[in-house]
Amino acid sequence: MTFTIDYFYEKIKDFPWIDIEYPTHKYAIEVVTGKRIACRWEKLSCERHLKDLLRQDSEDFPYIFDFTRSDLIFNWFSKRCTHVKGIYAGDPIELVPFQKYDLGCLFGWVKVNSGYRRFNYSYNKVARGHAKSTIQSGVADYGMCADCYYPPFDVKKRKFEMSPNVYCCGYDRNQAKIVWQDACTMGSKSPKIAKDLDIKKTKVTNKKRSGAMEALSKDTDNKDGLSVCIAIIDEYHAWKKSDVYDVIKSAFGKRPQELLNVITTAGKDAENSPCKKEEDICKKILEGTLTDETYFVNIRELDKDDNPHDEKVWPKANPMIQEIDNGNEYAAGLYNKIKSDHDLAYGSGDISKIREFLTKRCNLWQNASDNSFMDGCMDKFKDLTVTRDEFLELTRGLDCIVGMDLSKATDLTADAFLFLLPDGRYALTAHGFIAEDSAMKHEKSDRVPYIEWAKEENSYCTLTPGDVVDYTYLVNHIVKTAKINDWNIKEIAYDPYSAEYCTQDLENKGFTRVKVPQRVSWLSEPTKFFKKLVLEGKLVHDGSPLLTWCVSNAVTTTDHQENIMLSKKNRNDTQRIDLLAASINALSRGMSVLKPRTSLFYVPKRRLKG
C-alpha cells in the first residue's frame, strides 16, 4: 500500500520505545509532511526511514533503531568537539536538525541480534557551506575513541573496537589531509579527546587500544592489507577514478561494523565521474528499484523543474538556511553568500560562474567542462536512438560513407557508417576494435565493459586476437557489414595516421579512399554540423553504448577564428573518443558526397515558382 503519514502515526503505536519527537524521527516527519522544504530524494530518504521504523525486528528486516547509539554520536559532538576553522573556531559544535537526521540514521540503526551497525555504506550529498569536513573530522575522532557496539539498548555490555583504524580519504594527498588534519586539530583542542589520542605530526593512535588514523589517497604507496573501521571519502565528486574507494571496499569483512562514508557536493564531470555513477545507484536505492538494506543514502539538490532563481527552493540543496528562523547566525551568513553568488553569476552572464553556482549552491551535476563538446546535449543524443532492426530498415540499399580512426596498436580503433536518409536525416552506426589480450587492462583503466560489449548478442566492438589491434578485422568488418546490409560504400574517409597499409587493402578491394587531414581548419565544419544535427533531431543512431560513451567524452579545442576540433580532456586520458572521431571523418565527406534519394516513403517538397 502507499505510505502515508497517517498510516505511520497509526502503526508506530506498536513500537512504544519509539519517540516521534526524537530529533532523527522528527526531522524525517517534518520532511515527509512538507513542514521542511526538501527535494524528491531527501523525501524518499526520510520516507524510507519512517517505513523502516515500522519494519523493525520483523522476519525480513533484522534491524532496530537504538536511540542510545545515536545519542552517543550526538553527545560526542556536543561535549567533545569544537569548530576548527573560521570565526567559530573553538566554539562547541551544536548539531542542527539535518545533521541529527543524517548522523542519527547512520549510527542509530543496528542489527537486532548483535548490535553491530546496520549501515556499512553511506552516500551523503549536500551543497557547499554545510560543515561537511568538520562533521567528518568529528566522526573520524569518534571512530578512534568511542566507536562501539552492544546488544540493542544494553549499554552496560558496550565493547570498543580494538586497534581502531580510521582512514581519511581523498583523491590526492592534499585532499586526504583536509579531514585528517581537521580531525587532528579538533582532537588536540579537546582535552577529552586528547586524553585518548596520541596525536603526532604524521601519525595518530589510540593511547590504550593502538590502531591508527591515516590519510589515504592514490599517492599512498602501500594500500594493501587495510583493516577498516571507518573510511571517510571526502568530496568524492573531485575523484577522477575510484581506485582508493575500490581498495577500501575490497578490504571489508575484517571488522564487525565497517563503514564507508561518502560526503560530497555535486561535480562538473557528470558523464565520467565515479561519484556520479555511485549516485545513480543510490537514487535507485531510494526509488526502491534496487534494494540494499546496508546502504544509507541522502541526496539534497534542486529538483528537475526547479528554478534556480527562486530563493524558496534553495533550502532543498542547502538545509542549513532553514535554521535562520531559529536565530542561527551561520545560516543567515550562508544565505547571504548564496544570494551573492547567484547575483554575481547571473548578473555577469559568465557561463563558468553560472555552472559553479548550479554545481556548488544548487548541488546539480554539470558536464565535464566549459569546452565539453556535447555539454547539455547528451540526453538529446540518447533520445535519437532507434533499434538495430529499425536502423537496418532505414538504411538498407542506401549509399554511405565509411569513416575510420586508427589508434595506437594497443588502443581503441573504430569505423563508422554514415547515411543520408530520404527524409533528410543522417543515420550513423559505429564499431570499435580492441586487442583481446589488453581488453581486461583497458576495462580497468577506461572503466567500460569492452568484453561484455564484444559478445555476439551485443556486437558493439570486436576483440582481435593478440596484444595489438589486427587491422584485418577492421577491413573485414567494413566489407562484410556493407555486403550483409546492402550498403553501397561511396568512399572510405580516413585519418592518414598509420592507415596507409589498411586503406590500401580496401582500395585493392575496389573502394575509393579519401584522406581526411586532422587539422582544425578541415574538421571544424563537420564537428559543428554533428552537434547541429543532434540539436535539431536530424540524426539517428543504433544506440551503441560504446559510441555514446565516446561522444560524451569529447571536448573541443578552439582557434582564434572560433574553429573547433575534437580532443580528449588530457593527452593520456582513458576517456576515449575514437568512434566519434571516425564518425566526424565520415561526416566531413558525407556533407558533400551523399545526396538524398527519394523512396516510396518520401515525397520531396515542391519548389515554388517565381
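It should be emphasised that the depicted structure is a prediction, and the values quoted were computed from it without experimental measurement.
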Next on the checklist: I want to check something: taking the side chain as every heavy atom from C-beta on, are Lys26 and Ile20 in contact at a cut-off of under 4.5 Å?
Outcome noted: no
Are [X] and [Y] near enough that their ring centres are under 6.0 Å apart?
| X | Y | answer |
| --- | --- | --- |
| Tyr142 | Phe107 | yes |
| Phe296 | Tyr123 | no |
| Tyr101 | His25 | no |
| Trp365 | His237 | no |
| Trp17 | Phe15 | yes |

Checklist entry - Should Lys157 and Asp154 be marked as a salt bridge (charged side-chain N to carboxylate O under 4.0 Å, His left out) after you check the CA-CA gap, both sets of side-chain angles, and the distance that decides it? => result CA-CA 6 Å; Lys157 294 183 179 180; Asp154 196 353; 3.6 Å; yes
Checklist entry - When you look at Tyr22 and Asp71, which way does the side-chain hydrogen bond (donor to acceptor under 3.5 Å, both in side chains) test go after all the steps? => result CA-CA 10 Å; Tyr22 189 75; Asp71 279 348; 2.7 Å; yes
Between [X] and [Y] (salt bridge meaning N to carboxylate O under 4.0 Å), is one present in this structure?
| X | Y | answer |
| --- | --- | --- |
| Asp343 | Lys339 | yes |
| Glu293 | Arg55 | yes |
| Asp52 | Arg118 | yes |
| Asp306 | Lys304 | no |
| Arg361 | Asp341 | yes |
| Lys208 | Asp196 | no |
| Arg255 | Glu161 | yes |

Would you kindly say whether [X] and [Y] are connected by a side-chain donor-acceptor distance under 3.5 Å?
| X | Y | result |
| --- | --- | --- |
| His342 | Trp314 | no |
| Glu323 | Tyr330 | no |
| Thr4 | Asp6 | no |
| Tyr236 | Ser273 | no |
| Lys360 | Thr265 | yes |
| Glu287 | Trp41 | no |
| Gln136 | Asn261 | yes |
| Ser122 | Asn124 | no |

Donor-acceptor pair, distance only, cut-off 3.5 Å: does the side chain of [X] make one with the backbone of [Y]?
| X | Y | result |
| --- | --- | --- |
| Thr205 | Gly211 | no |
| Arg69 | Gly104 | no |
| Lys43 | Val31 | no |
| Asn120 | Glu258 | yes |
| Asp66 | Pro152 | no |
| Asn318 | Met320 | no |
| Asn553 | Trp549 | yes |
| Lys207 | Ala194 | yes |
| Ser340 | Asn336 | no |

Which heavy-atom pair separates [X] from [Y] by the least distance, and what is that distance?
| X | Y | result |
| --- | --- | --- |
| Leu103 | Phe74 | CB-CE2, 4.2 Å |
| Ile193 | Cys81 | CD1-SG, 4.3 Å |
| Ser133 | Asp182 | CB-OD2, 4.2 Å |
| Met213 | Asp141 | CE-OD1, 4.1 Å |
| Cys282 | Ile299 | CB-CD1, 4.4 Å |

Item to check | Residues that Arg300 engages under side chain to side chain donor-acceptor pair (under 3.5 Å), provided they are two or more places apart | outcome: Glu42, Asp102
Next on the checklist: My understanding is that only residues two or more places apart in sequence, or in another chain, count here; which of them pass side chain to side chain donor-acceptor pair (under 3.5 Å) with Ser114?
Outcome noted: none
Item to check | Chi angles and distances behind the salt bridge (charged side-chain N to carboxylate O under 4.0 Å, His left out) call for Lys125, Glu278 | outcome: CA-CA 11 Å; Lys125 189 177 81 164; Glu278 191 68 24; over 6 Å; no
Next on the checklist: Can you pull out every ring-ring contact (aromatic ring centres under 6.0 Å, His included) where at least one residue sits in residues 175-209? Sequence neighbours excluded, please.
Outcome noted: none
Item to check | Qualifying ring-ring contact (aromatic ring centres under 6.0 Å, His included) pairs, either residue in residues 249-282, two or more places apart | outcome: Tyr121-Phe252
Item to check | salt bridge (Lys or Arg N to Asp or Glu O under 4.0 Å) against Lys382, all qualifying residues, sequence neighbours excluded | outcome: none
Item to check | Chi angles and distances behind the side-chain hydrogen bond (donor to acceptor under 3.5 Å, both in side chains) call for Thr68, Tyr150 | outcome: CA-CA 10 Å; Thr68 67; Tyr150 49 84; 2.7 Å; yes
Next on the checklist: Please verify the inter-ring angle class for Tyr63 with Phe61; under 30° counts as parallel, over 60° as perpendicular, anything in between as tilted.
Outcome noted: perpendicular
Checklist entry - What class does the angle between the rings of Phe67 and Phe153 fall in, given that below 30° is parallel, 30 to 60° is tilted and above 60° is perpendicular? => result tilted
Item to check | Set of residues satisfying side chain to side chain contact (heavy atoms under 4.5 Å, CB included) with respect to Gln181, sequence neighbours excluded | outcome: Cys184, Thr185
Next on the checklist: salt bridge (charged side-chain N to carboxylate O under 4.0 Å, His left out), that's the test. Do Arg117 and Asp147 meet it? Break it down for me.
Outcome noted: CA-CA 10 Å; Arg117 254 193 307 274; Asp147 201 20; 2.8 Å; yes
Next on the checklist: Would Lys51 and Glu47 count as a salt bridge (charged side-chain N to carboxylate O under 4.0 Å, His left out) here? Give the steps.
Outcome noted: CA-CA 6 Å; Lys51 286 179 178 178; Glu47 186 176 300; 3.2 Å; yes
